[in-house]
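Throughout, protein chains are lettered first and strands after them, A, B, ... in sequence-line order, and every chain is numbered starting at 1. For the numbers below, each heavy atom of this structure counts, side chains included, while hydrogens, waters and symmetry mates do not. Note that this is a predicted model, so its numbers are computed, not measured.
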Protein chains: 2
Amino acid sequence: MECRHDALPYRVGDKWTAHVLRGLAGGRRRFTELRAEIPAVTAKVLTSTLRAMEREGAVTRTEFDENPPRVEYELTEHGRKLLGLLDMCCDWARKNWARENLVEA
Amino acid sequence: MECRHDALPYRVGDKWTAHVLRGLAGGRRRFTELRAEIPAVTAKVLTSTLRAMEREGAVTRTEFDENPPRVEYELTEHGRKLLGLLDMCCDWARKNWARENLVEA
DNA sequence: CCGCATCCTTTAGGATACTG
DNA sequence: CAGTATCCTAAAGGATGCGG
């Protein structure tokens, strides 16, 4: 059995997906909180990333009927698995990359 | 320490990189052999993929001074590590994906 | 606050033809 | 055989402004 790596339904490789996984690692976050954790992303692109991840079942989107509006995002079980994959890749990188490719957190 | 996942010098996510890693898994291959193993890729794109992987230290390119020309590609130690990462991701997928997302080899 | 509408730029990727 | 050279398309990503 082989992995069909060229037909992934998940947009794990999209520019901001990994950032969102990390941003939601600590739990439920508001849209603005996410933006603050990922300063370089624009609202439009973050929205489209989140929408895609929602379609793929990686995050849930909860809209509150308040004014001003409030929307919260949270990883699904599947999203947490994807975060686990990301961690695995980072572990791999720590073992196999030169130190210049890593950054202290 | 955290992985700088947004600044990867490697083009692992590029469309054909994983295919090339697989194609070279069995050892040294000629350009034409690679094309045969990856029928859907065009010469131009395969060339640019290989050139990028060469710059990144994942493959070596050996040109023979013959006529007709012969060029062989081979994974470096680093390329073999990347192949290991790919295998890890496939293992992860087998454990975490539904069966419809997998394909028998 | 959240995010949509609009417009724009960049780039990966591809089709086709040609060459040492 | 192993590529270049050209031209092209689609889509990701971004900038800015507006609106409930």
Side-chain angles (χ1 to χ4, degrees), chain A residues 4-24 27-56 58-75 82, chain B residues 4-24 27-56 58-75 82:
Chain A
R4 192 166 59 189
H5 53 258
D6 56 328
L8 300 185
Y10 303 105
R11 317 195 356 166
V12 182
D14 281 13
K15 188 167 180 181
W16 302 105
T17 302
H19 294 260
V20 171
L21 290 175
R22 288 251 178 267
L24 294 179
R28 188 176 270 261
R29 290 285 182 277
R30 297 184 61 159
F31 184 79
T32 304
E33 294 174 321
L34 270 178
R35 286 206 66 185
E37 295 184 46
I38 315 169
V41 76
T42 64
K44 178 204 160 194
V45 172
L46 181 56
T47 299
S48 74
T49 301
L50 286 166
R51 290 285 197 276
M53 293 176 75
E54 190 189 5
R55 280 196 302 276
E56 292 158 359
V59 303
T60 57
R61 178 179 184 277
T62 310
E63 192 170 354
F64 296 86
D65 193 7
E66 301 175 0
N67 200 307
R70 178 161 61 106
V71 175
E72 293 185 349
Y73 293 90
E74 189 174 18
L75 292 184
L82 285 175
Chain B
R4 193 166 60 191
H5 53 258
D6 56 327
L8 300 184
Y10 303 104
R11 316 194 0 163
V12 183
D14 280 13
K15 187 166 181 183
W16 301 105
T17 302
H19 294 260
V20 170
L21 290 175
R22 290 251 177 267
L24 294 178
R28 190 174 268 260
R29 290 284 182 278
R30 299 183 62 158
F31 185 78
T32 304
E33 295 174 321
L34 269 179
R35 286 205 66 186
E37 294 184 46
I38 315 170
V41 75
T42 64
K44 178 205 161 192
V45 173
L46 181 56
T47 299
S48 75
T49 300
L50 286 166
R51 290 283 198 279
M53 293 175 75
E54 190 189 5
R55 280 195 303 275
E56 293 157 359
V59 303
T60 56
R61 179 179 182 279
T62 311
E63 192 169 354
F64 296 86
D65 193 8
E66 301 176 359
N67 199 309
R70 179 162 59 108
V71 176
E72 293 184 348
Y73 293 90
E74 189 173 17
L75 292 184
L82 285 176

Side chains of A:Arg22 and A:Ile38: does their closest heavy-atom pair fall under 4.5 Å?
no
Specify the separation, in whole Å, of atom CG of A:Asp65 and atom P of D:dG20.
16 Å
Rounded to whole Å, the CG-P distance (B:Asp14 to D:dA12) equals 15 Å
Nearest whole Å is fine: how far is C:dG14 C1' from B:Ile38 CD1?
16 Å
Quick one: closest heavy-atom pair of A:Leu21 and A:Met53, and the distance?
CD2-CE, 3.7 Å
Side chains of A:Val20 and A:Val41: closer than 4.5 Å at any heavy-atom pair?
no
Whole-Å distance between C:dC1 P and A:Leu46 CG?
15 Å
Residue list, side chain to side chain donor-acceptor pair (under 3.5 Å) with A:Glu74, at least two apart or on another chain:
A:Arg28
Do you know the tightest heavy-atom contact between B:Leu82 and B:Ala58?
CD1-CB, 4.0 Å
In B/S/- notation, 5' to 3', how is nucleotides 1-6 of chain D contacted by protein heavy atoms closer than 4.0 Å?
BSBS-B
Considering only heavy atoms from C-beta outward, does the side chain of B:Leu24 approach that of B:Tyr73 to under 4.5 Å?
yes
